[in-house]
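Every number for a ligand or one of its atoms is a count from 1 in the order of the listing. Index from 1, following the sequence. Below, all heavy atoms of this structure are taken into account, side chains as well, without hydrogens, waters or symmetry copies.
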Amino acid sequence: MERYTGKKIYEGIAIGRIAWLGKKEQVVERKHIEDCEAEKKRYEEARNIAIDQLRALYEKTKKEIGEADAEIFDVHAMMLEDDGYNDQVNNIIDTQKMNAEYAVAVTGDNQAEVFASMEDEYFKARAVDVKDISERVIRILSGQSEASVDASEPSILVADDLTPSETVQLDKSKILAFVTRKGSSNSHTAILARTMNIPAVINVDVQEAWNGKRAILDSDKGLFIIDPDEETMKVYEGLLEEQNQKKKLLLELKGKPTETKSGKQVMLFANVGNLQDIASALQYDAGGIGLFRSEFIYLEKDTYPTEEEQFVIYRKAAELMGGKKVIIRTLDIGADKQCDYFELDHEENPAMGFRAIRICLKRPEVFKAQLRALFRAACYGNIHIMFPMITSMSEMSQIKKIVEEVKSELDNEGIPYKNAPLGVMIETPAAAIITDRLAKEVSFFSIGTNDLTQYTLAIDRQNAALEDFCDVHHEAVLRLIEMTVANAHKAGIWAGICGELAADTTLTEEFMRMGVDELSVAPPSVLKVRKAVRDCE
Ligand code: PEP
Ligand code: MG
């Protein structure tokens, strides 16, 4: 029995034989050619076939998984249609008089290197996409077949790396889990694993020699066990059975109310970062969106998203949720979420630095563009707006002044908008302590326990070395939560929790006792929390 560790991408346990995803090493020959025009034509034909294949993959994925996940193949097709990519290939053929396979391989490597060197995690993850499309074109040029997995029974798929197109082309009925050496949490392969509800772990030191061996994947622990002994096997068979029972039971909770045995109703919402996550929130039966981290819209771009771009996204979010609350948090950039184009100065202590609402108040043009988009989108559903990192009443009055300016500008321009309820995130001790006063200014509170814990306990949430000191159930944090809820109720407004603690079911009973009105958690945790609430007296 051997044990290997890696990083969890999607939770769950799987037991089965290993199927190694055999990829023939693409050996690209470097050949001198005479007829550049003929070679460019050969490339052009292969490229068109690749684009047709990608369009077909888009349709297949859209049908089998959903439109949001299919979009990656549309992006791949667009990358192949991109002049920059094609000019580079044709230029290598023309100037170096080299064969098309070689020109495509060099272009793919060059562009992947550029993406991989970018700081932004989203762009870093695009390196695998550009390699994926280049490999596809080379395969077509050289008449090779695609990577295949040899599995007669449902298996744990093990590979060095998995491209998005390989992932969706796999026969889902044959895959129990994914284990790969490469990948990142932000890669589309990871996103697909989550959407497909398949346990997945990356960064494992995988070996081809494992092919056909029995194995256990314990994704929550990031543990991959090869050739388990009988005792370990028995333990995990028990756990797997438990997991299957739980999943079944949880699915039965879809459509059921989130209320305690004594009839206290709780709003159970989902945390999202983009429109794809909203599809997942709906799938898990979330009653609304409790936290839309709008900064992800900014993080995925290399320049400020325009008011119009934001309006389209917020409007879609409101429409998708069909009248249910969609609480959109305004830009929370800074600290661990850096955007180059904001050109923020280097700070010694960024978690306590120029971030979130502080940036918005100092750069009202950025803030106003977002607020305009939000108030306009509010016409299409039940949008609520909340502000992160508040510490003072003065910030609240500055925000309100800007909100009024935005509304009167929209009035003057004759642009339709709707008043959206405003709320505050309680994620600093300062805000929690003045909740009696803040409650008179807004319609709701949402407690951000991730930052509230960080600032209350003076423990950097990014610093893994402090894990032993971080008591996430610390009395001080729980008291601040209780105080926030009590002050909200005194002023007649509601208070929820959108930090990770909301999904901690060992605290659900305590939260119910405090009178918490709303819990907002990652989409796959919604039903688990519903069960915990329904188990409360
Ligand atoms: C929080 O701080 O608890 C929170 C929900 O915000 P984020 O995790 O995005 O900082
Ligand atoms: Mg926060």
- Item | Lys/Arg N to Asp/Glu carboxylate O, K368 vs E307, below 4.0 Å | no

- For T258 and Q265, test the side chains for any donor-to-acceptor distance below 3.5 angstrom and give the result as yes or no. no

- Does R329 come within less than 4.0 Å of ligand 1, judged by its heavy atoms? yes

- Query: Backbone, side chain, both or neither: what part of R461 comes under 4.0 angstrom of ligand 1, heavy atoms only?
  - Reply: side chain

- Determine, stepwise, if the pair F342 / Y304 fulfils ring-ring contact (aromatic ring centres under 6.0 Å, His included). CA-CA 8 Å; F342 272 73; Y304 293 98; 4.8 Å; yes

- Task: Please state which part of M425 comes within less than 4.0 Å of ligand 1, counting heavy atoms only: side chain, backbone, both or neither.
- Result: side chain

- Task: Of the side chain and backbone of L452, name the one, both, or neither that has a heavy atom under 4.0 Å from an atom of ligand 1.
- Result: neither

- Task: May I ask you to check whether R355 has an N/O atom sitting below 3.5 Å from an N/O atom of ligand 1?
- Result: no

- Atoms in ligand 1 with a heavy atom of L291 nearer than 4.0 Å: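 Close to L291: 5 (C).
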
- Message: Side chains of K182 and N203 only: does a donor on one sit below 3.5 Å from an acceptor on the other?
- Response: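 Looking only at side-chain atoms, N203 and K182 do not form any donor-acceptor pair under 3.5 Å.
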
- Message: I'd like to check which ligand 1 atoms, numbered from 1 as shown, lie under 4.0 Å from a non-hydrogen atom of G499.
- Response: 3 (O), 5 (C)

- Query: Between E500 and ligand 1, is there a nitrogen or oxygen pair with a distance under 3.5 Å?
  - Reply: no

- With a cut-off of 6.0 Å (strictly less than), are more than 12 heavy atoms of other residues, nucleotides or ligands near OH of Y341?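 More than 12 within 6.0 Å, yes.
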
- Item | K337, portion touching ligand 1 at heavy-atom distance under 4.0 Å |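 The answer is the side chain of K337.
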
- Query: What protein N, O or S atoms come within a distance below 2.8 Å of the Mg ion (ligand 2), ordered by chain and number?
  - Reply: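 Only E427 OE1, D451 OD2 fall inside 2.8 Å of the Mg ion (ligand 2).
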
- Query: Salt-bridged, D285 to K256, with N to O below 4.0 Å?
  - Reply: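 Answer for the salt bridge query: no.
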
- Query: Under a 4.5 Å cut-off applied to non-hydrogen side-chain atoms, are I297 and N274 in contact?
  - Reply: no

- Can you find an N/O atom of E427 closer than 3.5 Å to an N/O atom of ligand 1?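 Yes, E427 has an N/O under 3.5 Å of an N/O on ligand 1.
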
- ligand 1 N/O within reach of G448 N/O, cut-off under 3.5 Å: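 Looking only at distances, the answer is yes, because the N/O contact criterion of under 3.5 Å is met.
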
- Query: Is it the case that E404 and S408 place a side-chain donor and acceptor less than 3.5 Å from each other?
  - Reply: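 No, no side-chain donor-acceptor contact under 3.5 Å.
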
- Message: Tell me whether E319 is salt-bridged to R315, with the criterion being a basic N under 4.0 Å from an acidic carboxylate O.
- Response: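 R315 and E319: salt-bridged.
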
- Query: Quick one: do the S520 and N271 side chains pair a donor with an acceptor below 3.5 Å?
  - Reply: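 Yes, side-chain donor-acceptor contact under 3.5 Å.
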
- Sub-4.5 Å side-chain heavy-atom contact between P199 and F178: no

